[in-house]
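What's counted below: heavy atoms across the whole structure, side chains too, no hydrogens, waters or symmetry copies. Proteins come first, then strands; the chains are lettered A, B, ... in the order of their sequence lines, and each starts at number 1.
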Amino acid sequence: MKEIRVRFAPSPTGYLHVGGLRTALYNYLYAKKNNGKFILRIEDTDRNRYVEGAVENLTAALNWAGLDYNEGPDIGGNYGPYMQSQRLEIYKKHADELIAKGEAYYCFCSAERLQKLREEQEKQKLPQAKYDKHCLSLSKTEIEQNLKNNLPYVIRLNVKPNQKIIFDDIIRDRVEFDSNNVDDQVLIKSDGYPTYHLANVVDDHLMEISHVIRGEEWLSSTPKHVLLYDAFKWERPKFAHLPLLLNPDKSKLSKRQGDVAVEDYRDKGYLKEALINFVALLGWNAGDDKEFYYMNELIEKFSLDRVNKAGAVFDIQKLNWLNAEHLRKMHDDDILKLLKKEILNSQFSTLNLPDNYLFQIITAMKERVAFVKEFITTCQYFYTPTTEYEQKSVEKNWKPETPEHLRKLIDEFKLLDNPSKEDFEHAFGKTAEQLGIGKGKLIHPLRLAVSGQSTGPGMFDLLFILGKDEVIKRIEKAIEVLG
RNA sequence: GGCCCCAUCGUCUAAUGGUUAGGACCUCGCCCUUUCACGGCGGUAAUAGGGGUUCGAAUCCCCUUGGGGUCACCA
């Protein structure tokens, strides 16, 4: 059996689009599942779109997500180079070959003529603007003369009329086009660079790509590619056109309606495990009810014939849920590493808290957060003494007799020696009993005094983590401030 | 507008001729818990419409409607 070789072929726009991430992921999963190769190729054939550092951003994002490729611009491989801008001679040579075969031709038409042509066709209400094959009828000597005079030219695909163009798609089955609707696509631009259509076909063939797995936006230009494979007499790869990722309004996922770069999600604190899991489920499922996946499970379960046909709305709420799920199931050691990074980027960067203390925060808060940074933001009282007290809780829980009650509690706590969680609990229970009040009357003011908040981890976990001295200090402070 | 693709709860989806149309997110209610979460239980909510084919259609066919993609010397 032929080796499975798939590729992710983005243009270097400066960032990795989440739709691109999904496409890359499906390619990756398919390769891994079938012991194949996953290749990164950069489609940088548009000189006007050159973006500084774009390739580095792309590879960094792919690496972050864990989508390792077997061949690519930065790591090489046997089918390089993997930057299309470095393969110009290859495309030229193949374009010449097509010209020799009559499958392509030189076109010297100016932009002005093309513009005029388009306007005229529009005026005539023609269903579709198309090049009129004007230059196809140029004589050999005319062409040579033009070339000798250094007239700018492009090379166009010579599409024969009245042909059915049929190809099979793994996801959409059989798709059929009429060649009358296919324009004589430019293959080589006047700057000598190829267009996407030529470059991707030539490269996919030369790189022995077995499956072209890409977004549905390419479906309508696939006839051009098929025509090229046929013109070269090359075997066509298998095609799989993935459904699009959609905005909430069902249009193609775009920048205007929210974050679209995987870097954005990374920077917002989404776990790569969650993003991968989420994006994998946008257009694919294993046929069961499982929703929580790690990468290795995705590899094991993935198949192209269970990919959906219809577009999928990118639902941030479900992503958030998955992020929380992945965070909860993550090992504390791994959370610790991430948390330390977050602390370094926070107002507490100079704190230098011991691992042991951070582990306790993680344990206490794990069920209560969805993002790593929330181990800081939702419980700042673990990092700095409380100075502000939630107004609503003060009104509800801070009664005139509260300071007296808390003073009694301080006295009890003072008697404790290196107290455990249970010691705190006993002392607390004893105090409530001696005061002749319900525990609820005491527990809410205590939480307020110690954390400034009305919500948080279990009361005695909180006391234990903070420690006796700190707890007493904070209660005294609260009595002083709230009176 | 031409061409192409698509159509199950608000969203992601399962059910590939026979199910009370299932699950998840969201949302609501209850339980657990003297906080908040987690967790558990339950509720609301879908086969776009119309024709066929069939004993039987979410599922196959046709039409309509709706949505999307694409029509560059961008990818």
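Between the CG atom in A:Leu151 and the CD1 atom in A:Ile143 there is a gap of 12.0 Å [rounded to 0.5 Å]. In this structure, A:Trp218 CH2 and A:His225 NE2 are separated by 7.0 Å, a value rounded to the nearest 0.5 Å.
Among the atoms of the strands shown, none is found under 4.0 Å from any heavy atom of A:Pro445. Using a 4.0 Å heavy-atom distance criterion, A:Cys379 is classed as making no nucleic acid contact. Using a 4.0 Å heavy-atom cutoff across all strands shown, A:Arg306 reaches sugar-phosphate atoms only and no base atom. A:Ser190 comes within 4.0 angstrom of a nucleotide base, judged by non-hydrogen atoms across all strands.
Salt-bridge check for A:Arg41 with A:Asp204: passed, with a basic side-chain N closer than 4.0 Å to an acidic carboxylate O. Of the charged side-chain nitrogens involved, at least one lies within less than 4.0 Å of a carboxylate oxygen, so that A:Lys366 and A:Asp332 count as a salt-bridged pair.
Listed candidates were B:C12, B:C73, B:A75. Nearest to the side chain of A:Arg156 is B:C73. Here B:C73 is the nucleotide among B:C71, B:C73, B:A75 with the atom lying nearest to any side-chain atom of A:Val186. The side chain of A:Glu325 lies closest to B:G39, out of B:U11, B:G39, B:G69.
Neither OP1 nor OP2 of B:C6 sits under 4.0 Å from any side-chain N or O of A:Lys250. A sub-4.0 Å separation between OP1 or OP2 of B:U13 and a side-chain N or O of A:Asn285 is absent. Checking the phosphate oxygens (OP1, OP2) of B:G67, no side-chain nitrogen or oxygen of A:Lys252 falls inside 4.0 Å. In this structure, A:Asn308 reaches the B:A14 phosphate: one of its side-chain N or O atoms is under 4.0 Å from OP1 or OP2.
Under the 3.5 Å distance criterion, with hydrogens and angles disregarded, no donor-acceptor pair is assigned to the side chains of A:Glu120 and A:Gln124.
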### Message
So if I define the base as every atom that isn't primed, P, OP1 or OP2, how would nucleotides 25-35 of chain B read as a B/S/- string at a heavy-atom cutoff under 4.0 Å?
### Response
SS-------BB

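For A:Asn277, the side chain to side chain contact (heavy atoms under 4.5 Å, CB included) partners at least two apart in sequence or on another chain are A:Leu281, A:Phe292, A:Tyr293, A:Leu322, A:His326.
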Can you name the atoms? Protein N/O to nucleotides 48-50 of chain B N/O, anything below 3.5 Å, with the distance.
none

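For the P atoms, the distance from B:C60 to B:G1 is 28 Å, rounded to whole Å. The separation of B:C32 from B:G40, taken at their P atoms, amounts to 16 Å, rounded to a whole angstrom. Using atom P as the reference point in both B:U59 and B:U54, the two lie 16 Å apart (nearest Å).
For RNA chain B, the residues of residues 172-183 of chain A within the heavy-atom distance limit of 4.0 Å (strictly under) are A:Arg172, A:Val175, A:Glu176, A:Phe177, A:Asn181, sorted by number. Using a 4.0 Å cutoff on non-hydrogen atoms, no part of residues 270-278 of chain A comes near RNA chain B.
Both distances falling under 3.5 Å, in either a Watson-Crick or a G-U wobble arrangement, place B:C25 opposite B:G10. The partner of B:C3 is B:G69, by the rule that a Watson-Crick or G-U pair needs both atom distances under 3.5 Å.
Screening residues 302-322 of chain A for salt bridge (Lys or Arg N to Asp or Glu O under 4.0 Å), with sequence neighbours left out, gives A:Glu291-A:Lys318.
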#### Entry: Intermediate values then yes/no, salt bridge (Lys or Arg N to Asp or Glu O under 4.0 Å), A:Lys408 and A:Glu412
CA-CA 6 Å; A:Lys408 171 78 178 126; A:Glu412 283 301 328; 3.4 Å; yes

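Taking the six-membered ring for Trp, A:Phe302 and A:Trp284 have ring centres closer than 6.0 Å.
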